Amino acid sequence: MLKKGYIKKAIRSLTNYAYNELYVLVEFIEDSQECSFGSDYEDDYDPELVGDIEIGDDLKTEEQYYALIHEIGHAILHYEKREPENVVLLETACWIEGLKKAKELGLEVNEYEFAKQMFHALDLYRTANMSDSTT
């Protein structure tokens with residue numbers, strides 16, 4: 001189990017990486033459990049920014065960490081123009097790409113908890129994708 005203090009430092013490392021290397025701003029959104037990456041971000045103060053990541057602050061700290069890793073994966077795939085069109089493949093690739101980057105940055109991950117959160121999220125996309133294809 002990762003300690004809360006470690007996770008907060010890891011979140012800061014990922015936030016700095018997103019801003020300095022991917023030109024993506026990370027924001028924590030009050031009263032929300034939603035997490036997202038958007039590539040249409042515009043900032044008059046810093047016009048070089050190409051996107052933003054929003055992480056809900058209603059999530060537990062460890063959930064925020066793994067959600068941020070996933071959203072970093074989105075930003076990396078967008079930055080490198082390697083986004084699969086199939087939503088389930090895209091979401092899977094984002095989890096893997098984000099995890100790879102976290103490990104490259106020397107960050108620890110509780111792989112059991114990470115996989116649990118990943119499979120839960122992927123199952124939601126898989127279920128939604130299946131119901132979309134039957135209508």
Side-chain angles (χ1 to χ4, degrees):
M1 178 174 225
L2 300 176
K3 293 185 178 181
K4 193 173 186 175
Y6 176 83
I7 294 171
K8 287 185 176 193
K9 287 180 185 175
I11 287 173
R12 277 194 299 277
S13 292
L14 285 172
T15 298
N16 290 336
Y17 167 79
Y19 188 82
N20 294 323
E21 301 297 326
L22 300 173
Y23 308 104
V24 171
L25 182 66
V26 175
E27 300 175 293
F28 290 83
I29 306 302
E30 283 188 54
D31 302 324
S32 176
Q33 290 188 347
E34 298 293 317
C35 302
S36 65
F37 166 72
S39 60
D40 57 353
Y41 186 77
E42 290 185 25
D43 187 331
D44 293 336
Y45 175 74
D46 195 346
E48 291 187 10
L49 289 175
V50 297
D52 72 325
I53 292 173
E54 294 181 350
I55 303 293
D57 76 350
D58 281 0
L59 296 172
K60 295 177 186 171
T61 305
E62 192 167 11
E63 292 172 336
Q64 288 178 342
Y65 179 41
Y66 299 143
L68 179 56
I69 289 173
H70 170 73
E71 299 305 335
I72 291 282
H74 272 288
I76 290 169
L77 290 177
H78 175 75
Y79 183 83
E80 296 177 354
K81 297 177 178 26
R82 298 188 296 122
E83 298 168 293
E85 288 188 31
N86 178 284
V87 69
V88 176
L89 293 178
L90 171 63
E91 295 302 323
T92 303
C94 293
W95 284 102
I96 300 306
E97 224 25 73
L99 179 60
K100 187 171 114 182
K101 181 51 68 180
K103 292 196 173 213
E104 284 175 14
L105 294 172
L107 301 175
E108 294 178 35
V109 172
N110 177 328
E111 290 186 1
Y112 174 79
E113 290 300 323
F114 181 86
K116 192 165 94 173
Q117 190 166 332
M118 177 183 77
F119 286 127
H120 173 72
L122 290 175
D123 196 44
L124 294 174
Y125 281 105
R126 185 185 60 79
T127 303
N129 199 33
M130 287 177 63
S131 65
D132 286 347
S133 65
T134 60
T135 56

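Values in this document were obtained by computation on a predicted structure and should not be read as measured data.
Counting heavy atoms from C-beta on, the side chains of Ile76 and Leu22 come closer than 4.5 Å. Counting heavy atoms from C-beta outward, Glu91 and Met118 have side chains that stay 4.5 Å or more apart.
Ion pair Glu108/Lys3 not flagged as a salt bridge, since none of the NZ, NE, NH1 or NH2 atoms sits closer than 4.0 Å to an Asp/Glu carboxylate oxygen.
Atom OG of Ser32 and atom CD1 of Ile55 lie 9.5 Å apart (nearest 0.5 Å). Atom CG of Leu2 and atom OG1 of Thr61 lie 11.5 Å apart (nearest 0.5 Å). We find the CE-CD1 distance between Met1 and Ile7 to be 7.5 Å, quoted to the nearest 0.5 Å. Atom CD of Gln64 sits about 12.5 Å away from atom CD of Glu71, to the nearest 0.5 Å. Here Ile72 contributes atom CD1 and Phe37 contributes atom CZ; the two are 9.5 Å apart, rounded to the nearest 0.5 Å. Atom CZ in Phe28 sits 5.0 Å away from atom OG1 in Thr15 (nearest 0.5 Å).
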Side-chain donor-acceptor contacts of residues 94-101 below 3.5 Å, not counting sequence neighbours, with atom names and distances?
residue : atom : partner : partner atom : Å
Trp95   : NE1  : His70   : ND1          : 3.2
Glu97   : OE1  : Arg82   : NH2          : 3.2
Glu97   : OE2  : Arg82   : NH2          : 3.3
Lys101  : NZ   : Glu104  : OE1          : 2.7

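Although no hydrogens or angles enter the test, the distance criterion places a donor-acceptor pair under 3.5 Å between the side chain of Tyr66 and the main chain of Asn110. Distance alone, capped at 3.5 Å, is enough to place a donor-acceptor pair between the Asp57 side chain and the Asp31 backbone. In this structure, the side chain of Glu54 does not engage the main chain of Glu34 through any donor-acceptor pair within 3.5 Å.
Checked options Val26, Ile53, Leu105; the residue passing with Leu14 is Leu105 (criterion: side-chain contact (heavy atoms from CB on, under 4.5 Å)).
Hydrophobic clustering keeps Phe114 apart from Leu124 (ILVMFWY residues linked when any side-chain heavy atoms are closer than 4.5 Å, directly or through intermediates). Put simply, Tyr79 and Val24 are part of the same group of oily side chains (I, L, V, M, F, W, Y) that touch within less than 4.5 Å, one to the next. Both Leu122 and Ile69 are part of a single hydrophobic cluster, where members link through side-chain heavy atoms under 4.5 Å apart. With hydrophobic clusters built from ILVMFWY side chains whose heavy atoms lie under 4.5 angstrom apart, Val50 shares a cluster with Leu68.
Summarising the geometry of Thr92 relative to Val88, their closest heavy-atom pair is OG1-O, 2.8 Å, with the distance given to 0.1 Å. Listed here is the closest heavy atom pair of Glu83 and His74: OE2-O, 4.5 Å. Scanning all heavy atoms of the two residues, the minimum distance from Ala67 to Cys35 falls at CB-SG, 3.6 Å. Contact record, Tyr6 with Gly106: OH-O, 4.0 Å, taken as the closest heavy-atom pair.
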